[in-house]
Q: 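Before anything else, here's the structure in question.
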Amino acid sequence: MPLQIHNTLTGRTETFIPLEAGKATFYTCGPTVYDYAHIGNFRSFLAADVLRRWLESPLCTRVNPDGSLDEQSGGYDVTHVMNLTDVGHMTDDAAADGAGEDKMDAARKRLLDAKKSGKLPPGASIDPNDPYAIAEFYANAFLEDARMLGMKVVEDAENDPTLLPRPTHVIREMLEMILELIENGHAYVASDGVAYFDVQSFTDYGKLSGNTLDKIRAGAGGRVEDANQAVKKHAADFMLWKPDPTHSMRWDPSKLLGRDVPLKEGYPGWHIECSVMARQRLGDVIDLHSGGEDNIFPHHECEIAQSRGATGAAYFARYWFHPRHLFVEGEKMSKSKGNFFTIRDLMAKGFDPAAIRLELIKTHYRSNANFTEQGLKDSTRMVERWRRFLDAAESSSDAGVRNAMVAGEFARAMNDDLNVAGAIGVLNQWIGANASPTKADMALLREFDRALGVLELEANETQGDDADAAQIEALIAERNAARKDKDFARGDAVRDQLAAMGIEIKDGPQGTTWTRKASL
């Protein structure tokens with residue numbers, strides 16, 4: 001069975017059929033680099049990463065553009081692009097026409113306050129008045145976190161930076177698309193100088209989200225001022241370019257393009273960037289587009305209108321992939337509630353990147369996920385079990401035979417709308433029934449893990465400062481000496497002392513190892 005994937009555009013689960021034989025083009029809406037990405041962001045990014053990995057897996061049956069199966073080889077050659085937004089994303093992004101302020105301006109204000117109070121992020125020497133420096137700092141922080149979690153698009157971009165485009169690098173191309181939309185009647189410059197997309201010119205507006213024009217009221221939710229609405233042709237018309245000679249990141253369109261244009265110095269809207277970057281790197285029509293479910297409207301709806309308005313094509317992306325929200329202990333994440341976590345927060349608390357990744361991918365992407373301490377500890381134990389199995393298989397002298405039945409069951413689960421939980425169930429049942437893994441089992445587990453991306457990650461080596469580590473090692477040496485002298489009471493007392501310090505110890509063939517107890 002080939003991959004069946006739920007398509008938000010049609011509301012149906014469909015066979016994935018590529019535009020070009022053996023290849024797939026994939027665009028993911030990435031982070032806005034004005035702050036650290038949180039685990040909710042990463043849930044969406046990792047779901048896209050798993051989809052990309054599965055498309056590349058030899059276990060994923062290829063389908064030809066005509067819908068026929070290619071039984072000779074599995075896996076597609078995937079070109080995966082993810083943007084890093086550094087301008088244009090507004091604080092009130094639920095409003096299609098760009099309400100609120102640019103998030104990079106919001107970051108500037110936040111960091112200015114932090115600098116005055118001496119609370120800049122650790123290791124940061126950011127000039128809060130330099131938006132490019134802010135973007136660079138948080139972009140690098142995101143890339144570090146993404147590498148720790150094994151996101152392939154970030155790894156690929158080390159050799160091909162065009163896979164991680166930034167809006168500030170394509171301002172000229174954005175302006176050209178806006179002018180193209182104006183010329184072909186899909187956009188206009190209003191009396192306030194703002195360039196808006198004319199939603200009434202695009203009859204399919206609302207098809208992705210269900211927010212058709214007759215359902216959209218002027219100023220819905222009180223986010224759009226009456227003065228802004230008065231100059232627009234329709235309440236749903238959204239911003240493409242906003243004149244603002246005081247904005248911290250601004251461009252003069254006429255100077256940049258070398259000719260007079262009807263756009264004044266200012267900055268782009270949030271939606272136009274993705275249309276331009278996807279088109280520039282992947283073409284007018286692409287296979288897949290992903291983003292969190294909160295991107296469906298307005299962002300992705302607007303992307304479709306812009307892209308198709310510019311190209312005249314019947315599609316922008318043929319398949320739309322939207323992971324649902326992440327909750328923490330059953331509640332929405334909130335800094336005030338103390339349940340707001342970044343990847344580096346979890347690492348500092350002692351959790352392993354492999355366990356974090358597994359916890360974020362193991363719930364079906366179309367279900368809300370509940371991130372809990374117990375779940376994370378369960379994922380930690382699961383990773384440890386898989387690692388033990390892999391170690392045993394690697395040290396086996398038995399070549400063994402590939403278990404084609406287990407491989408087929410794993411593939412069926414993944415092809416069933418990316419049923420990661422089902423695939424993990426197959427994997428765990430196989431491991432539980434296999435007391436003597438062979439070299440063939442090692443190869444098969446690695447094949448499964450190329451899709452899951454868990455075992456390839458390095459363990460969390462954060463063990464605290466050197467003095468703390470030295471004290472722990474000294475106590476372990478004292479305990480081992482006591483056990484050697486058969487002074488078991490003293491050995492147990494040292495173990496209890498270490499436990500009180502939050503240290504767990506394990507005795508094994510290679511000696512005693514220790515880790516910090518991880519907890520939220």
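Keep in mind it's a predicted model, so treat the numbers as computed, not measured. As a basis for the values below, the full set of heavy atoms in this structure was taken, side chains included, without hydrogen atoms, waters or symmetry mates.
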Q: Would you please classify the geometry between the Phe202 ring and the His186 ring as parallel, tilted or perpendicular, with 30° and 60° separating the classes?
A: perpendicular
Q: What distance separates Leu346 CG from Glu359 CD, expressed to the nearest 0.5 Å?
A: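 If we round to the nearest 0.5 Å, Leu346:CG and Glu359:CD are 10.0 Å apart.
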Q: Closer than 3.5 angstrom, by distance alone: can the side chain of Asn295 be matched with the main-chain N or O of Gly291 as a donor-acceptor pair?
A: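 Looks like no, no N/O pair under 3.5 Å.
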Q: List the residues meeting side-chain hydrogen bond (donor to acceptor under 3.5 Å, both in side chains) with Asp156, not counting sequence neighbours, and say none if there are none.
A: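 side-chain hydrogen bond (donor to acceptor under 3.5 Å, both in side chains) check on Asp156 returns Arg52.
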Q: So, does Asn7 use its side chain to make a donor-acceptor pair with the main chain of Trp320 at under 3.5 Å?
A: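 Yes, Asn7 side chain to Trp320 backbone: donor-acceptor pair under 3.5 Å.
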Q: Which residues pass the side-chain hydrogen bond (donor to acceptor under 3.5 Å, both in side chains) test with Arg53, not counting sequence neighbours?
A: Asp49, Glu456
Q: Taking side chain to side chain donor-acceptor pair (under 3.5 Å) as the cut-off, I'd like each qualifying pair that reaches into residues 446-455, sequence neighbours left out, listed once.
A: Glu394-Arg446, Arg402-Glu447
Q: Taking side chain as C-beta onward, heavy atoms only, is Val261 less than 4.5 Å from Leu175?
A: no
Q: If you look at every heavy atom in Asn184 and Ala310, which pair is closest and at what distance?
A: ND2-CA, 4.2 Å
Q: Asp417 versus Arg366: any side-chain heavy-atom pair under 4.5 Å?
A: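 Yes. Closest side-chain heavy atoms under 4.5 Å.
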Q: Does the pair Phe26 and Tyr76 meet the rule for a ring pair (Phe, Tyr, Trp, His ring centres under 6.0 Å), with working shown?
A: CA-CA 11 Å; Phe26 190 2; Tyr76 297 89; over 10 Å; no
Q: So, does Thr25 use its side chain to make a donor-acceptor pair with the main chain of Asp287 at under 3.5 Å?
A: yes
Q: Nearest 0.5 Å, please: how far is CG in Leu9 from NE2 in His300?
A: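 One gets 12.0 Å once the value is rounded to the nearest 0.5 Å.
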Q: Looking only at atom types and distance, does a side-chain atom of Lys242 sit under 3.5 Å from a main-chain N or O of Val194, one as donor and one as acceptor?
A: no
Q: Nearest 0.5 Å please: distance from the CD1 atom of Ile134 over to the CD atom of Glu136.
A: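 The CD atom of Glu136 is 12.0 Å from CD1 of Ile134, to the nearest 0.5 Å.
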Q: How are the rings of His271 and His299 set relative to one another: parallel (under 30°), tilted (30 to 60°) or perpendicular (over 60°)?
A: tilted
Q: Examine distances only and state if a side-chain atom of Asp416 and a backbone atom of Asn419 form a donor-acceptor pair shorter than 3.5 Å.
A: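 Pair absent, no side-chain N/O of Asp416 close to backbone of Asn419.
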Q: Can you list everything that forms a side-chain hydrogen bond (donor to acceptor under 3.5 Å, both in side chains) with Arg308? Sequence neighbours excluded, please.
A: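 If we apply the side-chain hydrogen bond (donor to acceptor under 3.5 Å, both in side chains) test to Arg308, skipping adjacent residues, the hits are Asp204.
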Q: Give, for atom CD of Gln280 and atom CE of Met277, the distance between the pair rounded to the nearest 0.5 Å.
A: 9.0 Å
Q: Does a salt bridge link Glu144 with Arg344, judged by any charged N lying under 4.0 Å from a carboxylate O?
A: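 Result for this pair is yes, salt bridge flagged.
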Q: Is there a donor-acceptor pair closer than 3.5 Å between any side-chain N or O of Thr28 and the backbone N or O of Gly30?
A: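 Not a single qualifying donor-acceptor pair exists.
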Q: Charged N to carboxylate O under 4.0 angstrom, Asp77 versus Arg62?
A: no
Q: Looking only at non-hydrogen atoms, find the nearest pair between Asn64 and Leu69 and report the distance.
A: ND2-O, 3.9 Å
Q: Does any non-hydrogen side-chain atom of Tyr196 lie less than 4.5 Å from one of Lys233?
A: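 The answer is no, as the side chains (C-beta and beyond) never meet within the 4.5 Å cut-off.
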Q: Who are the ring-ring contact (aromatic ring centres under 6.0 Å, His included) partners of Phe340, not counting sequence neighbours?
A: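 For Phe340, the residues satisfying ring-ring contact (aromatic ring centres under 6.0 Å, His included) (neighbours in sequence not counted) are His38.
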Q: I want to check something: taking the side chain as every heavy atom from C-beta on, are Lys264 and Trp241 in contact at a cut-off of under 4.5 Å?
A: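 Result no, sub-4.5 Å side-chain heavy-atom pair not found.
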Q: Are Phe42 and Phe341 near enough that their ring centres are under 6.0 Å apart?
A: no
Q: Taking all heavy atoms of Asp70 and all of Thr61, pick out the closest pair and write down the distance.
A: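 Looking at all heavy atoms of both residues, the shortest contact is O-CG2, 4.3 Å.
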Q: With rounding to the nearest 0.5 angstrom, report the OH to OG1 distance, Tyr267 to Thr168.
A: 15.5 Å
Q: For a 4.5 angstrom cut-off between non-hydrogen side-chain atoms, does Cys302 reach Ile272?
A: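 Not in contact.
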Q: Would you mind listing every ring-ring contact (aromatic ring centres under 6.0 Å, His included) that reaches into residues 155-179, with sequence neighbours excluded?
A: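 Applying ring-ring contact (aromatic ring centres under 6.0 Å, His included) to every pair that reaches into residues 155-179, excluding sequence neighbours, yields nothing.
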Q: Report the residues that fulfil salt bridge (Lys or Arg N to Asp or Glu O under 4.0 Å) with Glu293, sequence neighbours left out, ordered by chain and then residue number.
A: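 Partners of Glu293 by the salt bridge (Lys or Arg N to Asp or Glu O under 4.0 Å) criterion, ordered by chain and then number, come out as Arg324.
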Q: Would you please name every residue forming a salt bridge (Lys or Arg N to Asp or Glu O under 4.0 Å) with Arg43, sequence neighbours left out?
A: none
Q: Any side-chain to backbone donor/acceptor pair from Gln306 onto Ile304? Under 3.5 Å, distance only.
A: no
Q: Kindly determine whether His6 and His322 satisfy ring pair (Phe, Tyr, Trp, His ring centres under 6.0 Å), including the steps that lead there.
A: CA-CA 9 Å; His6 186 269; His322 290 106; 9.3 Å; no
Q: Should Glu176 and Arg259 count as an ion pair when the cut-off is N to O under 4.0 Å?
A: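 Yes, Glu176 and Arg259 are salt-bridged.
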Q: Side chains of Tyr27 and Cys274: closer than 4.5 Å at any heavy-atom pair?
A: yes
Q: Between Lys152 and Glu56, is there a salt bridge with N-O shorter than 4.0 Å?
A: yes
Q: By salt bridge (Lys or Arg N to Asp or Glu O under 4.0 Å), which residues pair with Arg318, not counting sequence neighbours?
A: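 Salt bridge (Lys or Arg N to Asp or Glu O under 4.0 Å) list for Arg318, sorted by chain: empty.
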Q: Applying ring pair (Phe, Tyr, Trp, His ring centres under 6.0 Å) to Phe137 and Tyr34, what does each step give before you reach the verdict?
A: CA-CA 9 Å; Phe137 175 80; Tyr34 76 111; over 10 Å; no
Q: Looking at residues at least two apart in the chain, or sitting in another chain, which of them share a ring-ring contact (aromatic ring centres under 6.0 Å, His included) with Tyr319?
A: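 Listed in chain order: Phe16.
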Q: Please confirm whether the backbone N or O of Gly453 pairs with a side-chain atom of Arg357, one donor and one acceptor, at under 3.5 Å?
A: yes
Q: Apply side-chain hydrogen bond (donor to acceptor under 3.5 Å, both in side chains) to His234 and list each qualifying residue two or more places apart in sequence or on a separate chain.
A: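 His234 satisfies side-chain hydrogen bond (donor to acceptor under 3.5 Å, both in side chains) with no residue once adjacent residues are dropped.
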Q: CG of Leu179 to CG of Leu240: how many Å apart, nearest 0.5 Å?
A: 10.0 Å
Q: If only side-chain N and O atoms count, and only distance matters, is there a donor-acceptor pair under 3.5 Å linking Ser209 with Glu301?
A: yes
Q: Does any part of the side chain of Val285, heavy atoms only, come nearer than 4.5 Å to the side chain of Phe316, both counted from C-beta?
A: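 A side-chain contact under 4.5 Å is absent here.
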Q: For Asp260, does the CG atom have more than 12 heavy-atom neighbours from other residues, nucleotides or ligands under 6.0 Å away?
A: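 Open: at most 12 neighbouring heavy atoms sit under 6.0 Å from CG of Asp260.
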Q: Do Cys29 and Asn83 touch side chain to side chain, with heavy atoms closer than 4.5 Å?
A: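 Yes, at least one pair of side-chain atoms sits under 4.5 Å.
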Q: Could I get the full list of side chain to side chain contact (heavy atoms under 4.5 Å, CB included) partners for Lys332, not counting sequence neighbours?
A: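 With sequence neighbours excluded, Lys332 shows a side chain to side chain contact (heavy atoms under 4.5 Å, CB included) to Phe327, given in chain and number order.
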Q: So, for Tyr36 and Tyr138, is the gap between ring centers shorter than 6.0 Å?
A: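 Tyr36 vs Tyr138: aromatic centres under 6.0 Å.
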Q: For Arg166, is there any backbone N or O sitting under 3.5 Å from a side-chain donor or acceptor partner on Asp86?
A: no
Q: Do Thr79 and Lys23 have a side chain donor and acceptor closer than 3.5 Å?
A: no
Q: Quick one: which of Val50, Leu376, Leu326 gives a side chain to side chain contact (heavy atoms under 4.5 Å, CB included) with Leu360?
A: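 Exactly one option meets the side chain to side chain contact (heavy atoms under 4.5 Å, CB included) with Leu360, and it is Leu326.
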Q: Between the main-chain N or O of His247 and the side-chain N or O of Arg250, is there a donor-acceptor pair closer than 3.5 Å?
A: yes
